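Here is how names work: the chains are called A, B, and so on, in the same order as the sequence lines, proteins then strands, and each is numbered from 1. All values derive from a computational prediction rather than experimental measurement.
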Amino acid sequence: MNGTEFQRRVWAACRMIPAGKVVTYAEMAQFLDCGSPRAIGQALRRNPDAPATPCHRIISSKLSPGGYSGEEAGPELEKKLTLLAGEGVVFRDGQLSEIQRLWQFPRD
DNA sequence: GGAAATATATGAT
DNA sequence: ATCATATATTTCC
């Protein structure tokens with residue numbers, strides 16, 4: 001089995017995010033009933049199925065890209081931004097260009 | 001079992 | 001804007 005139960009939950013949530021949209025760590029934490037978005041980052045950074053799990057659709061609550069592959073900034077982060085751009089999500093001045101790209105988990 | 005580390009968030013300075 | 005604290009989970013020793 002891969003990772004712990006918590007990680008599986010985080011990755012599953014990632015896979016339910018539609019393309020062209022992004023979700024904040026806080027939103028996912030709330031959806032998973034987790035009181036700390038930090039745990040989300042920990043699970044995402046150790047994701048065993050990087051291409052299968054759209055972990056690049058997770059951003060910070062300030063609409064900033066956040067980080068990627070264990071680095072808050074670097075070539076990997078740029079790759080994440082490029083991937084998002086390919087899905088229609090564009091960042092401007094370190095923040096999400098269009099707020100409508102923000103997605104949230106179904107609360108019902 | 002305990003300490004260190006982390007892709008954050010929030011409050012204070 | 002920057003620093004310090006809080007919180008949850010993982011990984012290393």
Side-chain angles (χ1 to χ4, degrees):
Chain A
M1 294 299 287
N2 12 7
T4 68
E5 188 179 72
F6 182 76
Q7 281 192 342
R8 283 189 280 164
R9 214 177 341 158
V10 173
W11 302 329
C14 277
R15 276 183 258 137
M16 63 162 61
I17 302 174
K21 301 255 172 176
V22 286
V23 186
T24 64
Y25 290 97
E27 190 69 39
M28 182 173 279
Q30 203 176 89
F31 176 71
L32 298 177
D33 199 43
C34 179
S36 188
R38 253 182 189 212
I40 307 286
Q42 279 292 52
L44 288 179
R45 86 172 284 218
R46 278 153 158 124
N47 78 333
D49 303 290
T53 304
C55 45
H56 56 266
R57 291 182 191 148
I58 314 297
I59 64 173
S60 74
S61 70
K62 292 174 188 157
L63 305 183
S64 44
Y68 200 65
S69 187
E71 294 183 355
E72 53 182 289
E76 295 299 303
L77 179 60
E78 288 185 39
K79 203 145 81 173
K80 164 180 177 178
L81 298 183
T82 301
L83 281 168
L84 288 173
E87 296 183 353
V89 181
V90 219
F91 281 85
R92 174 151 191 152
D93 193 49
Q95 285 200 303
L96 190 63
S97 183
E98 299 178 71
I99 185 65
Q100 54 183 340
R101 296 294 184 192
L102 189 60
W103 187 76
Q104 9 190 342
F105 288 93
R107 47 165 150 177
D108 184 21

Using whole Å, report how far CZ of A:F6 lies from C1' of B:dA7.
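It is 13 Å, rounded to the nearest whole Å.
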Please report, rounded to the nearest Å, how far the C1' atom of C:dT9 is from the CZ atom of A:R8.
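It works out to 15 Å between those atoms.
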For residues 40-68 of chain A, pull every pair meeting salt bridge (charged side-chain N to carboxylate O under 4.0 Å, His left out), keeping only residues two or more places apart or in separate chains.
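Counting only pairs at least two positions apart or across chains, the salt bridge (charged side-chain N to carboxylate O under 4.0 Å, His left out) contacts touching residues 40-68 of chain A are A:R57-A:E87.
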Taking all non-hydrogen atoms of both residues, which atom of [X] and which atom of [Y] are closest, and how far apart?
X     : Y     : answer
A:C55 : A:A50 : SG-O, 4.3 Å
A:P37 : A:A26 : CB-N, 4.2 Å
A:L81 : A:F91 : CD2-CD1, 3.7 Å
A:L77 : A:Y68 : CA-CB, 3.9 Å

What donor-acceptor contacts under 3.5 angstrom involve side-chain atoms of residues 13-23 of chain A, with partners at least two apart or in another chain?
none

Report the stems of DNA chain B as range-with-range entries sorted by first number; a stem here is at least three consecutive pairs, Watson-Crick or G-U wobble, both distances under 3.5 Å, and write none if there are none.
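Looking at DNA chain B, the stems formed by three or more consecutive pairs are B:1-6 with C:8-13, B:8-13 with C:1-6.
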Does atom CD of A:Q100 have more than 12 heavy-atom neighbours, drawn from other residues, nucleotides or ligands, at distances under 6.0 Å?
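Yes.
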Under 3.5 Å, side chain of A:R101 to main-chain N/O of A:G88, donor-acceptor pair present?
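Judged by distance alone, yes, a pair lies under 3.5 Å.
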Which of residues 10-35 of chain A have a heavy atom under 4.0 Å from DNA chain C?
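Contacts with DNA chain C under 4.0 Å: A:C34, A:G35.
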At a heavy-atom distance below 4.0 Å, what parts of residues 39-65 of chain A sit against DNA chain C?
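Residues of residues 39-65 of chain A that come under 4.0 Å of DNA chain C are, in numerical order, A:A39, A:Q42, A:R46.
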Yes or no on side chain to side chain contact (heavy atoms under 4.5 Å, CB included) for A:V10 and A:M28, after CA distance, side-chain angles and deciding distance?
CA-CA 8 Å; A:V10 173; A:M28 182 173 279; 4.0 Å; yes
Tell me, which pairs form a ring-ring contact (aromatic ring centres under 6.0 Å, His included) where one or both residues lie in residues 7-46 of chain A, sequence neighbours left out?
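Found A:F31-A:F105.
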